[in-house]
Amino acid sequence: MLENEGVFEIQPKIPAFFKEELDEEQYESVIKSNGKSLIIAGPGSGKTRVITYKIAYLIYNDIKPENILLLTFTRAAAKQMIERVKNVTNMELNGMMAGTFHHFCNYILRVYASKIGFNNNFTILDSEDSKDLMKIARNEYCEKLGDYAKKIPKENVILKIISYSSNTLKSLRESILEISSFLIEYENDIEQIWIKYQELKKEINAMDYDDLLINTAMLLKSDKELLKYISKRYRYVLVDEFQDTNKIQLEIVEALSDYHKNLIAVGDDSQSIYSFRGARFENIKDFMDEKNVKLFKIQTNYRSTPEIVNLINDMIPTSSVKKHLNAKRKPYLKPTIIETFDDLEQSEAVIKIIDEKIEEGIEYNDIAILYRSHALSMSLQQKLDSKLIPYKLLSGKRFIETRHIKDILSFLKILYNPYDKISWIRVMKLFPGIGTKTAVRNYESIISNLSEGINILDIFDKLSNKKTKDIYELLTKIYKKRDDKPQNLINEIYENFYKEYSNLNYKNSRSRNMDIERFSEISSKYENTGKFLEDMTLSENIEVRPSDKNDKKDEITLTTVHGSKGLEWKVVIIISANPGDFPNGMAIKEKNLDEEERLFYVAITRAKDELYILKQTTGSTNPYLRNSFVFIKSENDFIKKISEDKVNKMRVGYL
DNA sequence: CATATAAAGTTTTTT
DNA sequence: ACTTTATATG
């Protein structure tokens, strides 16, 4: 260890059990990674184990937990790793920072918001809120343009382009050309709308998901003192899922490790599936090419049977760094490809597989069904419902994004940040006789009164008229309690207003009301509304089911491939592997097949024991794509790329 | 004129 | 299922 740049002046302490718990590759990457290091971890190779032991190793060598920063892709992953480190070391990890980039950036920005012209109670806009605000920006810009305005790209298109531009640090022009070159004639319009959008965010004291990253990067870049202060704290910066980081995230971690220069990145370039959000698997290649970067590879596969690994090795994405996985498990079954006539027969075939597996004694929990997009699971869901097979949806509309929950949240948001225009409009429109126009007018008078320094309760009183009386009465009531626990506020809103609104406006008000009651229960864990709101917008999965039922339900998992990241099941069933469905039709058109290859790779590497891949003779479920060029070309067909000897093929259904 | 209601489109992936 | 749009109503 003498050549190790003096990281440890004395001999490192390595507990004896490390040698027993880790294989040779894992051991090397735990013990020898320091300075700038890159660990390329194949699927099922024990990546979590390596990160866990790396942190444990640091702690055994007297690095304080508060001097370690772990950035992960999901908060759940961070939590899981912390728990595992606790188990390994038998120590509490007080002060250790672990979470997603967005959580970390939020943490920094709440402290230094004023340095970049924001108030520290800024609202975080989720994607729907961003879209609403972009729509306002677009409308304002389009106001005097007449018929031309109709041709200008819609808000979601503009958002996609500017988000890509910010995340890749590419110019607007370059971004338009890459994403949708045919829109290049609107470059100037898009630019103007973007500027407007930025101004609006400042006005309403809000940041979108991208801003959290951009503003943090900007802050660290512009303030050298601050950079030193923050980066001095983190003696070790560890980044998980490095293949899904974008340019700005790379900048951020390089800044954070600026002082101690210990940056350990872990990832697998073959599993990079978030390019639409600016993720660059090239971050891994670039990092590899840098001087003084120590490279480790862990390529033994402990997850899947040799038959599955055999297929995996065949399907390693062409864009990847060269690799080969070594199987460790005992032989079992070859993966199976099943062809059915259409998606109805496909659903029946899936049910048949499930029934067989249950018969064999496998639990529902051990089975997952993966697909490229939500829509592809619809007919299967109906079938599962009718057969009373229990299942859960991992991805899909987040609980927090359902209309009723967003409504309730909006009330809290305006109490916390009264400039939050999006939430104001949302809240006001809930009341009869008020549409967008009136809501905006009301918002504007509230803001102009606020800027004159008038107390908000007086404003409510002043602006109350026969149309708005109910709103302001309710708001006055909850505003007076705004320092209470968020649960009290939610209950107040629900009991005094939303319950009635829900019963009146929703056919399924019963289940929506139950959601709100559950939401109130979730909020009871929080003392502070601000913290509650941050967590709600930044944390991916809110456990919707009541917590008192501790016994884990036995159910099948249905999820998009994106949602399956990092997970594994004994039996994995991939449905609709048709050109146009998976690979996705848009991706084929945009010649973005590399990413689809990586997605397919992620999908098949989730399987431990059995893998089933289903396709249909009718081709894509989408009738628009069915007869198009996409359907015919075999280069777009994953199944055709699989060599015959690696799989069993079956034709199921009525002939 | 602004809102409410009925009809018609729409689906890649998500922190 | 859920949002956008066209038409009716107040």
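Chain naming here is simple, since letters A, B, ... match the order of the sequence lines and numbering starts at 1 in each.
Separating the P atom of B:dT11 from that of C:dA6 is a span of 15 Å, rounded to the nearest Å. With C1' as the reference atom, C:dT4 and B:dT13 are 22 Å apart, rounded to whole Å.
Residue A:Phe431 forms a ring-ring contact (aromatic ring centres under 6.0 Å, His included) with just one option from A:Trp424, A:Phe497, A:Tyr472, A:Tyr501, and that option is A:Phe497.
In this entry the distance linking CE of A:Met536 with P of B:dT15 reads 14 Å, nearest Å. Rounded to whole Å, the distance from CD on A:Gln381 to P on C:dA1 is 10 Å. Summarising the geometry, the separation between CG on A:Asp385 and C1' on C:dA1 is reported as 13 Å, rounded to the nearest angstrom. In this structure, CD of A:Glu241 is placed 15 Å from P of B:dT14, rounded to the nearest angstrom. When the P atom of B:dT15 is taken as reference, atom CZ of A:Phe399 falls 16 Å away, rounded to whole Å. Nucleotide C:dT3 holds its C1' atom 12 Å from the CZ atom of A:Arg426, rounded to whole Å. Look at CG on A:Leu71: it is 16 Å from P on B:dT15, rounded to the nearest Å. Look at CG on A:Asn167: it is 16 Å from P on B:dT14, rounded to the nearest Å.
Here the two rings, on A:Phe101 and A:Phe73, have centers that are 6.0 Å apart or farther. Between A:Phe287 and A:Phe242, a ring centre-to-centre spacing shorter than 6.0 Å is recorded. In this structure, the ring of A:Phe519 has its center no less than 6.0 angstrom from the ring center of A:His404.
For A:Lys469, the side chain to side chain contact (heavy atoms under 4.5 Å, CB included) criterion is met by A:Ser464, A:Glu473, not counting sequence neighbours.
Defined by atom type and a distance below 3.5 Å, a donor-acceptor pair is missing between the side-chain atoms of A:Gln243 and A:Asp268. Using a 3.5 Å distance cut-off with no hydrogens or angles, the side chains of A:Asn283 and A:Arg280 do pair a donor with an acceptor. Under 3.5 Å, the side chains of A:Ser166 and A:Asp210 contain no donor-acceptor pair of N or O atoms. A donor atom on one side chain and an acceptor atom on the other are not found under 3.5 Å apart for A:Lys615 and A:Ser576.
Using a 30° and 60° split on the angle between ring planes, A:Phe118 and A:Phe122 fall in the perpendicular class, above 60°.
The environment of A:Lys201 atom NZ is dense: over 12 non-hydrogen atoms of other residues, nucleotides or ligands sit within 6.0 angstrom. Summarising the local packing, CD of A:Glu500 is surrounded by 12 or fewer heavy atoms from other residues, nucleotides or ligands at distances under 6.0 Å.
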Item to check | Strand DNA chain C in bracket notation, Watson-Crick/G-U under 3.5 Å with | for pairs to another chain | outcome: ||||||||||
Between protein and nucleotides 5-10 of chain C, what N or O pairs are separated by less than 3.5 Å?
none

Next on the checklist: Protein within reach of the bases, or only the backbone? For nucleotides 3-12 of chain B, mark each nucleotide 5' to 3' as B, S or -, using heavy atoms under 4.0 Å.
Outcome noted: SS-------B
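For A:Arg277 and A:Tyr164, the positive end is not near the middle of the six-membered ring at less than 6.0 Å and at most 45° from its axis.
A:Phe101 comes within 4.0 angstrom of nothing in the nucleic acid, heavy atoms only.
Contact check of residues 204-218 of chain A against DNA chain B (heavy atom, cut-off under 4.0 Å) returns A:Tyr209.
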Atom pairs and distances, donor-acceptor, side-chain atoms in residues 129-137 of chain A, under 3.5 Å, two or more places apart:
residue, atom, partner, partner atom, Å
A:Asp129, OD1, A:Lys406, NZ, 2.8
A:Asp129, OD2, A:Lys413, NZ, 3.2
A:Ser130, OG, A:Asp126, O, 2.9

